[in-house]
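Notes to accompany the following structure.
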Amino acid sequence: MKMSFLKKTNIPQILFLILVLGSCGKDKNTTNKEEAAIEDTLPKMKPLGPEKRLSQAYINSVTGRINHFYNKTWPNNTMNGGFLVARNGQIIFERYNGYANKNEGTTITANTPLHIASVSKVLTATAVLKLVNAGKLDLDQKVNTILKTFPYPDCTVRMLLSHRSGMRNYAYFTDRDKSVWDRHNQLTNKDILNILATKDIGLESRTGTRFSYCNTNYAMLALIIEKITGLTYKEAMTQMIFKPLGMSNTFVLDTEKDRKKIVPSYKGNGVEIGFDYLDCVYGDKNIYSTPRDLLKFDRARNAPGFLKPELLKQVYTGYSNERKGTKNYGLGIRMINWETGQNFYFHNGWWHGNTSSYIPLQKENVTIIALSNKMTRNTYAVRKLAPIFGDYPFNFKDEE
């Protein structure tokens with residue numbers, strides 16, 4: 001029986017099949033090993049250890065003033081978002097209210113991810129800085145040594161982080177001229193790079209000569225993260241920041257997968273704002289998170305091993321003060337530098353109806369976070385809380 005089977009079977013075919021199956025297994029194993037190797041060498045954020053507990057007497061002494069601010073800024077719980085104040089990582093005050101999705105009748109809770117708009121830049125910058133800290137990237141490395149088709153030879157990674165590239169905003173050079181971009185198509189980060197490389201998009205100002213806040217810088221930084229890590233931006237951010245810090249309600253928007261489940265945003269009159277052709281671009285925006293998750297992120301940025309001291313110092317150095325003034329920009333963080341020597345660090349965001357404000361009062365270990373998915377400038381008013389905790393000489397006309 002066995003002999004007749006062998007006679008009928010084509011031996012070379014069997015050998016070929018064994019060879020193919022064996023090589024497939026090897027390829028799969030090799031891929032898995034490569035992915036594991038990439039993950040093992042990724043620099044990752046580490047949570048800050050236990051911090052000093054606040055006394056109940058201290059909490060009582062500040063909550064009344066925070067509550068007064070909250071009721072005055074958003075009377076009758078009209079914020080439509082999430083608001084949190086913490087010290088030493090301990091939440092002193094938080095509120096969540098309004099619709100997550102009006103059509104479905106769902107409300108915003110502590111676990112509702114909201115679009116954090118340009119506060120995403122702080123997280124993108126953090127990933128880039130971790131790569132610099134690990135020696136995988138240099139702050140003064142020319143961008144065209146990483147992104148080969150990038151057309152501006154003098155631009156460095158530091159210039160992207162500090163908005164000194166001189167590039168124009170992608171929203172402005174793609175919105176009118178169909179020969180540059182057809183707005184019926186979704187724009188991606190790679191599309192932006194390709195347009196810059198092939199469509200002779202001129203600079204707004206000579207590279208390195210002045211500060212100009214520009215989303216294109218952070219769209220390019222996201223591509224740099226992908227190039228250096230070998231992962232998608234979404235996966236790199238998950239592996240480097242979200243997962244190690246337990247930011248379980250934080251993710252980078254994937255319009256294909258997440259479009260139907262994300263929280264929409266609304267105009268001030270409550271009308272829902274739809275997607276447009278710019279909604280696939282990430283790095284400058286498109287991270288969804290919660291105040292509690294952002295608190296974890298903020299405290300990790302205060303951990304002793306976050307960055308080497310000399311690199312950390314450069315993050316909080318101002319790069320934008322061409323003319324003397326108080327407003328300035330570091331590496332992925334806005335700042336106000338007063339002549340008194342006091343510094344205030346923050347980043348705000350706005351995209352569609354989403355507004356956001358992230359304030360780390362570093363000297364006092366205080367974190368203030370506000371996120372809303374209904375268009376309002378009141379989100380940015382949370383800076384008025386800073387003088388409760390330290391000497392921040394703001395001149396608020398309506399301050400009590």
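Every value quoted in this text rests on a predicted model; they were computed, and no experiment measured them. Index from 1, following the sequence.
- When the shell of 6.0 Å around OH of Tyr172 is examined, it contains 12 or fewer heavy atoms from other residues, nucleotides or ligands.
- A cation-pi arrangement is found for Arg259 relative to Phe275, the charged atom lying closer than 6.0 Å to the ring centre and inside a 45° cone about the ring normal.
- A 4.5 Å side-chain heavy-atom check between Tyr266 and Ile273 finds every atom pair outside the cut-off.
- The closest side-chain heavy-atom distance from Phe83 to Phe69 is below 4.5 Å.
- If you check the side chains of His184 and Asp182, you find a donor sitting under 3.5 Å from an acceptor.
- Contact between Asp279 and His352 at its shortest, heavy atoms only, is OD2-NE2, 3.0 Å.
- Counting heavy-atom neighbours within 6.0 Å of Glu256 CD, excluding the residue itself, gives a total of 12 or less.
- When all heavy atoms of Ala381 and Thr73 are compared, the pair lying nearest together is CB-CG2, 4.3 Å.
- Pairing each heavy atom of Ile369 with each of Leu295, the nearest pair is CD1-N, 3.6 Å.
- Here the straight-line distance linking atom CG of Asn348 with atom CZ of Arg377 works out to 8.5 Å at 0.5 Å rounding.
- Note that the CG atom of Asn286 and the SG atom of Cys280 stand 7.5 Å from one another [nearest 0.5 Å].
- Ile224 CD1 to Thr124 OG1: the interatomic distance, rounded to the nearest 0.5 Å, is 11.5 Å.
- Nearest heavy-atom pair, Ser118 versus Lys121, reported as atom, atom and distance to 0.1 Å: OG-NZ, 2.7 Å.
- Salt-bridge formation is not detected for the pair Asp391/Lys363: no Lys NZ or Arg NE/NH1/NH2 atom is positioned less than 4.0 Å from an Asp or Glu carboxylate oxygen.
- Residue Pro244 comes nearest to Pro47 through the heavy atom pair O-CG, 3.7 Å, listed as atom of the first residue, atom of the second, then distance.
- Between Leu123 and Phe297 the shortest side-chain heavy-atom distance falls below 4.5 Å.
- Using cut-offs of 30° and 60° on the angle between ring planes, the pair Phe211 and Tyr213 is tilted.
- Residue Asp200 places its CG atom among 12 or fewer non-hydrogen atoms of other residues, nucleotides or ligands, all under 6.0 Å distant.
- In this structure, the side chains of Leu131 and Pro43 come closer than 4.5 Å at one or more pairs of heavy atoms.
- Taking the six-membered ring for Trp and the full ring otherwise, Tyr316 and Tyr345 have centroids separated by under 6.0 Å.
- Ion pair Arg87/Glu51 not flagged as a salt bridge, since none of the NZ, NE, NH1 or NH2 atoms sits closer than 4.0 Å to an Asp/Glu carboxylate oxygen.
- We find the OG1-CG distance between Thr367 and Asp298 to be 3.5 Å, quoted to the nearest 0.5 Å.
- Figure legend: cation-pi geometry between Arg95 and Phe93, with NZ or CZ positioned under 6.0 Å from the six-membered ring centre and within 45° of its axis.
- A perpendicular orientation is assigned to the rings of Tyr329 and His163, their planes being inclined by more than 60° (bins at 30° and 60°).
- Separation of atoms CG (Asn302) and CG (Asn88) is listed at 10.0 Å; rounding is to 0.5 Å.
- We find that Glu322 and Arg164 are joined by a salt bridge, their nearest charged nitrogen and carboxylate oxygen being less than 4.0 Å apart.
- Between the CG atom in Asn215 and the CG atom in Asp284 there is a gap of 4.5 Å [rounded to 0.5 Å].
- Not counting sequence neighbours, the partners of Trp350 by the side chain to side chain contact (heavy atoms under 4.5 Å, CB included) test are Thr355, Met375, Tyr380.
- For Asn269, the CG atom sits in a packed shell: over 12 heavy atoms of surrounding residues, nucleotides or ligands are nearer than 6.0 Å.
- The two residues Pro304 and Leu48 come nearest to each other via the heavy atoms CD-CD1, 3.9 Å.
- Under the side chain to side chain contact (heavy atoms under 4.5 Å, CB included) criterion, Arg168 pairs with Phe173, Ile201, Glu204, not counting sequence neighbours.
- No path of Ile, Leu, Val, Met, Phe, Trp and Tyr side chains, each step under 4.5 Å between heavy atoms, connects Tyr99 with Val263, placing them in separate hydrophobic clusters.
- Ionic pairing of Arg292 and Glu94 is present here: one or more N-O contacts between side-chain nitrogen and carboxylate oxygen are shorter than 4.0 angstrom.
- Between Asp258 and Lys261 there is a salt bridge, since at least one side-chain N of the basic residue sits less than 4.0 Å from a carboxylate O of the acidic one.
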Apply the test side-chain contact (heavy atoms from CB on, under 4.5 Å) to residues Leu331 and Leu129: give CA-CA distance (whole Å), side-chain angles for both, the deciding distance (0.1 Å), then the verdict. CA-CA 9 Å; Leu331 301 180; Leu129 291 163; 4.2 Å; yes

Could you go step by step and tell me if Tyr358 and His347 meet the ring-ring contact (aromatic ring centres under 6.0 Å, His included) rule? CA-CA 5 Å; Tyr358 161 64; His347 213 296; 8.5 Å; no

